[in-house]
Amino acid sequence: MSAESATPLAQRGQRTDEDDGGAPPEAGGAPDAKKPGFEVRLANFTGPFDLLLGLISKHQLDITEVALATVTDEFIKYIRNLQKLGEEWALDEASEFLVIAATLLDLKAARLLPAGEVEDDDDIALLEARDLLFARLLQYKAFKQVAALLDATLELEARRYPRQVALEEHFAAMLPELVWKHTPQQFAALAETALKPRIPAPTEVGLAHLHGSPVSVKEQAELIGLRLQQGRPLSFRALIADAESTLVVVARFLALLELFRDQVVAFNQLAPLGDLTVRWTAPGAEWSSDHLTEEYEEQP
Amino acid sequence: MTKPGQEPSSEDTASGGTDVTALPGGARAALEAVLMVLDQPASATDLAAGLNLTVAAVEELLLELQREYDGYTVKAPDMEIASNAGFTSSPRGFELRNVAGGWRIYSRAEFADVVGAFVLEGQTARLTQAALETLAVIAYRQPVSRARVSAIRGVNVDSVVRTLTQRGLIEDSGTDPESGAVLYCTTSYFLERMGIGSVAELPQLSPHLPGLEGIEEFYDAGRM
Amino acid sequence: MTKPGQEPSSEDTASGGTDVTALPGGARAALEAVLMVLDQPASATDLAAGLNLTVAAVEELLLELQREYDGYTVKAPDMEIASNAGFTSSPRGFELRNVAGGWRIYSRAEFADVVGAFVLEGQTARLTQAALETLAVIAYRQPVSRARVSAIRGVNVDSVVRTLTQRGLIEDSGTDPESGAVLYCTTSYFLERMGIGSVAELPQLSPHLPGLEGIEEFYDAGRM
């Protein structure tokens, strides 16, 4: 376990961009990570599951439905604080937090309702979401534990230094004479290639598990855009009524997040678990889905 | 130093005719001499080929040296006096280890502080929590795409994966035929750093997944 | 691997408080541990400083180890039985040599043929593409640390840098004052092979290529 996990939770949220200097490598790492935002602050915990586990253990609870309901408010508060501190969230990082926050809210709300039987598809969906969240959280916890084991092993092993000495001169002298055929120009060309910034592999969003499905967030965004631009607010339920698979539902949800980020739609929800109403707020049809391509297209 | 590919019987090398057993110290010392110039672990097969010995003989010698360095009874033809006396020496300052599929000499862990003062390089920067978690997921799920790792960790792992690649702990191991996503594996350098022979020696993951023995199938079924 | 420059009396090193005589195998094994991983020969003074021992004690231990590796009477506190018996072991495959005021462990000269054959096996006269590209990065961005070259190339370059050093194309040119990482430069042999008088004569690269300023160090201590 690193020192950072020992940092009291209360302090974590207050760490801001000053972390840039001493932030762990991956936070300050690539040039694109320079963006002020979520990732830098994420350096203090390693993701929504880590935060959730941190909150649960703070209350000395086991991972149960009760625990999740108990820590929901804190989780949401934590995200709010980050939001206040931050300028912009990187969507792919923030969306995980939002998805989990939404699931937690659902679970908490469900617990507040009178205990009832499973009545309709929504209840089943809620149960599935709960199971999925538990499963993912427990899986993450397992990996977090083995990561601690790896850390301990790596540290222990680092105390052994391998013998790695330069080749004794008489052996080095026996090496075959180097064949060198490069002219300075050819060598320079080689350097050009080697120094050219490599085009980073496309950023993936966690959709690989969907087995190369043809569903595109971009297409779904266009579709939703067209429907909403008719002028009438629609509920999310209505927007996904014709979705032929869960995948399409997910894609539409992601598309809505994108549209919301672009500030062309507004959400309205009157009651917990109530219908989510979506309204088009952009003037006319100015919005274009063109920029969505890079972020969600996964094919190389 | 690269591994010789020839068979122990081949005669077209400089050592082809050398009978190492005739040299002072014999095959044991010859093996030791070769171990001295390695800059990466060498397998018993490679060592046997270079020494013109059988793999079985080399394996026996390696174990003998390992025990000897650890301070157990010395056993060698001309050391019978010592051996018969049940004489146990104190451990040497170094040890012979079998890691990442090969043998290599390491300074003994007890002396890390002293040795560390001399070896400025080789000091390893500690991995961050995020890097460790990502490394763990890749180690247990390899070959695995970044998307799958992020799904498990709940965050984007692109820059962490880049760091781990630069550090030589993981590598690109082709693409997924279905999705075309780049798949990552751990490297033999990772095994070296972990001091293990293969990823199969990593601690079991299942005890950390109480009551969720079926979780793997659950995920592999494409749900996640 | 470099020698510590501190005086025997200095206390600001990691080993400052270590009493090596209390460790298993004692001062002798501690000295051996250091010698096994030392790349450059180290003087008795430097060794004494790192081990918190007097120079005289280290000199005595060095001679003792040297004799022991050569197969003469073993002499160490807990080996008195063997020592008293006037017991002589066979020489080891390695030897401790004092070259130009510094001590280092080498493979024993008698085994030069076997070791040489092992070393040369698989060596080629050609540099690999990875080695060429790494050399190009070093040539145009020197002096540069391995960590930065890794960051530019996106992979670990440790073994390639070793090969290039072995080939005399690049060399250690001091350490970065900030990170302490070893910096590499091309050698005069490199210029000779390129047929140019100085690195200034290398053809200019397009000005828009990134320099080092955009490359983040992924390492704290320089090397992984």
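All values below come from the heavy atoms of this structure, side chains included, with hydrogens, waters and symmetry mates left out. Order of the sequence lines sets the chain letters (A, B, ...), proteins ahead of strands, with each chain counted from 1.
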| Smallest separation among heavy atoms of Gly154(C) and Thr165(B), with atom names | O-CG2, 3.4 Å

| Do you know the tightest heavy-atom contact between Ala29(B) and Pro91(C)? | CB-O, 3.8 Å

| request: Give the minimum heavy-atom separation between Ala33(B) and Ser107(C), together with the two atoms involved. | output: O-CB, 3.4 Å

| Point-to-point distance, once rounded to the nearest 0.5 Å, from CD of Gln166(B) to CZ of Arg153(C) | 11.0 Å

| Between atom CZ of Arg162(C) and atom CG of Asp39(B), what is the distance when rounded to the nearest 0.5 Å? | 4.5 Å

| query | Can you name the residues of residues 93-102 of chain B that have some heavy atom under 4.5 Å away from a heavy atom in chain C? | reply | Gly93(B), Phe94(B)

| query | Which pair of heavy atoms, one from Val114(C) and one from Leu51(B), lies closest together, and at what distance? | reply | CG1-CD2, 3.4 Å

| message | Is Leu65(B) close to chain C through its backbone or its side chain, or both, or neither, when contacts mean heavy atoms under 4.5 Å? | response | side chain

| message | Could you report the tightest heavy-atom contact between Phe111(B) and Gly26(C), atom names first, then the distance? | response | CE2-O, 4.1 Å

| note | The salt bridge (charged side-chain N to carboxylate O under 4.0 Å, His left out) partners of Asp172(B) (sequence neighbours excluded) come to none

| Residue part contacting chain B, namely of Leu35(C), when any heavy atom lies under 4.5 Å | neither

| task | Please examine the side chains of Leu38(C) and Phe118(B), heavy atoms only from C-beta on, and report whether any two atoms are closer than 4.5 Å. | result | yes

| field | Inter-residue atom distance Glu68(B).CD - Arg92(C).CZ, 0.5 Å rounding | value | 4.0 Å

| query | Roughly how far apart are Met36(C) CE and Arg108(B) CZ, rounded to 0.5 Å? | reply | 11.0 Å

| message | How close do Asn156(C) and Gly168(B) get, counting heavy atoms only, and between which atoms? | response | CB-CA, 3.4 Å

